[in-house]
Student: 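The structure's right below; bear with me while I get my questions together.
Side-chain atoms are counted along with the backbone in the values below, which use heavy atoms only and exclude waters and symmetry mates. Start at 1 and go down the list; that is how both ligands and their atoms are numbered.
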Amino acid sequence: MRRITILGSTGSVGESTIDLVNRNRDAYRVVALTAHSNWEKLALQAKALQPEMVALADVAGYGALKAALAGTGITVSAGDEAVCDAARMDADWVMAAIVGAAGLKPTLAAVTRGATVALANKECLVSAGDVFMAAVQRHKATLLPVDSEHNAIFQVFDFDQHAQVTRIILTASGGPFRTMSFADMRGVTPAQAVAHPNWSMGAKISVDSATMMNKGLEVIEAHHLFRMPASRIEVVVHPQSVIHSMVEYADGSVLAQLGTPDMRTPIAYTLGWPSRLQAPAARLDFARLGALTFEAPDLQRFPALKLAQDALVAGGAAPTILNAANEVAVARFLAGDIGFLEIAAIVDHTLARLAQPALTTLDDILAVDEEARAVAGAAKNLSVAAE
Ligand code: NAD
Ligand code: MG
């Protein structure tokens, strides 16, 4: 029996992970589950899976969760530190599926134990990539990428011939506004932005897909996971989301991983690794698909992608600032406080406002993250240049 923990079990990736665990109940023993504030859903999951402990980040729900799990023998705790404690429990495999930089400390807690970490939480690599990867090395943790593009690359990347990899090519769906004019994007609502054409995901990553900041975060994520310079990481828009990404070698060969857009396939890859599990995703029907198409990303209409690519080249604190500002801007957009086009404008403004020194410790990173959140939170009436 493999002992597993799911950080962010109530989210989209968390629920898909539980779906797979339910299909393989005799292979996995659940050690801990964590959530932000949805104690009702966490209690239901805990009753079904009988973990040793559950942790709720938001202490407000502690009493209700404790009452709901009374008599089950499950340890109930709350607060940010409790989520880290859950990550420290001795699970062999940890799904890191908390959204945002909030996932950084708990994910590092699992890494520090030398666990096998299935990494969905891309923001922790964007915010703290060098420090995070150094911890992975130091503690001999195993990192398995869950993000569909990085999982695809991981499946076809020959780590023994790193020098022969000439490019990695990240595919992007283009999101719900792929064909919309910049002027029309000004008025889009949160409901329109979260309605992704191919994938069903949490609100934050859905908005990131609509701005294409998600692909920018993924470029930075790929840089850290595969030790590739920005110049060798290319983005191509592929609206069908069938090819999940590609690796090009020195001899011109390009290897790709394909599948229908269902996160249970990459999650199953990490859950079964190094073996393969049965997963329920619909199978590709190539004759019905007919055609796969590709186009260059439009950096004028999707400036967030360019901001992220530039932040990777700039290095130092730039990706940390970019990530924090984006988290705040997306939350403000979802709350109806700012317009869609202001998301990238706020990220740009925050990057321009703050110094970008090299960051070598977690404390440095957390301090810059906090500073960037303050600037992005206070930004008002930014003019959004026409395309
Ligand atoms: P989600 O919003 O559906 O779920 C987020 C989870 O994190 C929830 O369980 C929530 O309770 C928890 N959480 C939120 N804030 C927290 C906090 N401050 N402290 C502790 N826990 C907190 O998000 P999601 O779509 O499942 O995405 C999770 C991560 O996986 C993100 O980093 C996202 O970029 C990445 N990812 C998601 C998908 C997808 O298909 N959903 C695909 C690729 C990568
Ligand atoms: Mg992705």
Student: Are a donor atom and an acceptor atom from the side chains of Ser253 and Asp251 found within less than 3.5 Å of each other?
Tutor: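 Yes.
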
Student: Applying a strict 4.0 Å limit to heavy atoms, is Asn38 in contact with ligand 1?
Tutor: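 It does not, in that no heavy atom of Asn38 comes within the 4.0 Å cut-off of ligand 1.
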
Student: Charged N to carboxylate O below 4.0 Å: is that the case for Asp80 and Lys105?
Tutor: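 A salt bridge is absent here (no side-chain N lies under 4.0 Å from a carboxylate O).
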
Student: With carbon and hydrogen excluded and only N/O/S kept, which atom of Asp147 is nearest the Mg ion (ligand 2)?
Tutor: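 Nearest N/O/S atom of Asp147: OD1.
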
Student: Only heavy atoms of Thr10, strictly under 4.0 Å: list the atoms of ligand 1 that pass.
Tutor: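 Answer, ordered by atom number: 8 (C), 9 (O), 10 (C), 11 (O).
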
Student: Quick one: which ligand 1 atoms are inside 4.0 Å of a heavy atom on Ala102?
Tutor: 17 (C), 18 (N)

Student: If you count the atoms of ligand 1 from 1 in the order shown, which ones are under 4.0 Å from a heavy atom of Val13?
Tutor: 26 (O), 30 (O), 37 (C), 38 (C), 39 (C), 41 (N)

Student: Taking Lys204 first and then Glu123, would you say they form a salt bridge - that is, a charged N and a carboxylate O separated by under 4.0 Å?
Tutor: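 Glu123 and Lys204: salt-bridged.
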
Student: For ligand 1, which atoms sit closer than 4.0 Å to a heavy atom of Met263?
Tutor: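 In order of number, 40 (O), 42 (C), 43 (C).
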
Student: One residue to check: Ala97. Relative to ligand 1, which of side chain, backbone, both or neither has a non-hydrogen atom less than 4.0 Å away?
Tutor: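 Ala97 to ligand 1: backbone contact only, side chain stays beyond 4.0 Å.
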
Student: Any heavy atom of Asn121 closer to ligand 1 than 4.0 angstrom?
Tutor: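 A heavy atom of Asn121 does come that close to ligand 1.
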
Student: Under 4.0 angstrom from ligand 1, any heavy atom of Lys204?
Tutor: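 False for this residue.
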
Student: With heavy atoms of Ala57 as the reference, note each atom of ligand 1 found under 4.0 Å away.
Tutor: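 In order of number, 19 (N), 20 (C).
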
Student: Among all protein non-hydrogen atoms, which one is nearest to atom 21 (N) of ligand 1, and what is the separation to 0.1 Å?
Tutor: Ile98 CG2, 3.7 Å

Student: Nearest heavy atom to atom 34 (O) of ligand 1 wins, so pick from Met95, Lys105, Lys122, Lys41.
Tutor: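 Closest candidate by heavy-atom distance is Lys122.
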
Student: Taking atom types as modelled and ignoring hydrogens, do the side chains of Thr293 and Gln240 form a donor-acceptor contact shorter than 3.5 angstrom?
Tutor: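 Gln240 and Thr293 do have a side-chain donor-acceptor pair below 3.5 Å.
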
Student: Is it the case that atom CZ in Arg2 sees more than 12 heavy atoms from other parts of the structure closer than 6.0 Å?
Tutor: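 For Arg2, atom CZ is crowded (more than 12 foreign heavy atoms under 6.0 Å).
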
Student: Which N, O or S atom name in Glu218 marks its closest approach to the Mg ion (ligand 2)?
Tutor: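 Distance check against the Mg ion (ligand 2) picks out OE2 in Glu218.
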
Student: Should we say atom CD of Gln192 is surrounded by more than 12 heavy atoms from elsewhere, each under 6.0 Å from it?
Tutor: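 Count over threshold, so yes.
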
Student: May I ask you to say whether Arg373 pairs ionically with Glu370, meaning some side-chain N is under 4.0 Å from a carboxylate O?
Tutor: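 Salt bridge absent between Arg373 and Glu370.
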
Student: In terms of heavy-atom contacts, does CZ of Arg353 have more than 12 from other residues, nucleotides or ligands at under 6.0 Å?
Tutor: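 No, the 6.0 Å shell around CZ holds no more than 12 heavy atoms from other groups.
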
Student: Looking at every non-hydrogen atom in both residues, tell me the closest pair between Thr270 and Ala118 and how far apart they are.
Tutor: OG1-CB, 3.6 Å

Student: Would you tell me which option among Val99, Leu119, Leu56 has the nearest heavy-atom contact to atom 5 (C) of ligand 1?
Tutor: Val99

Student: Quick check: Ser12 and ligand 1, any N/O pair under 3.5 Å apart?
Tutor: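 Yes, there is a polar N/O contact under 3.5 Å.
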
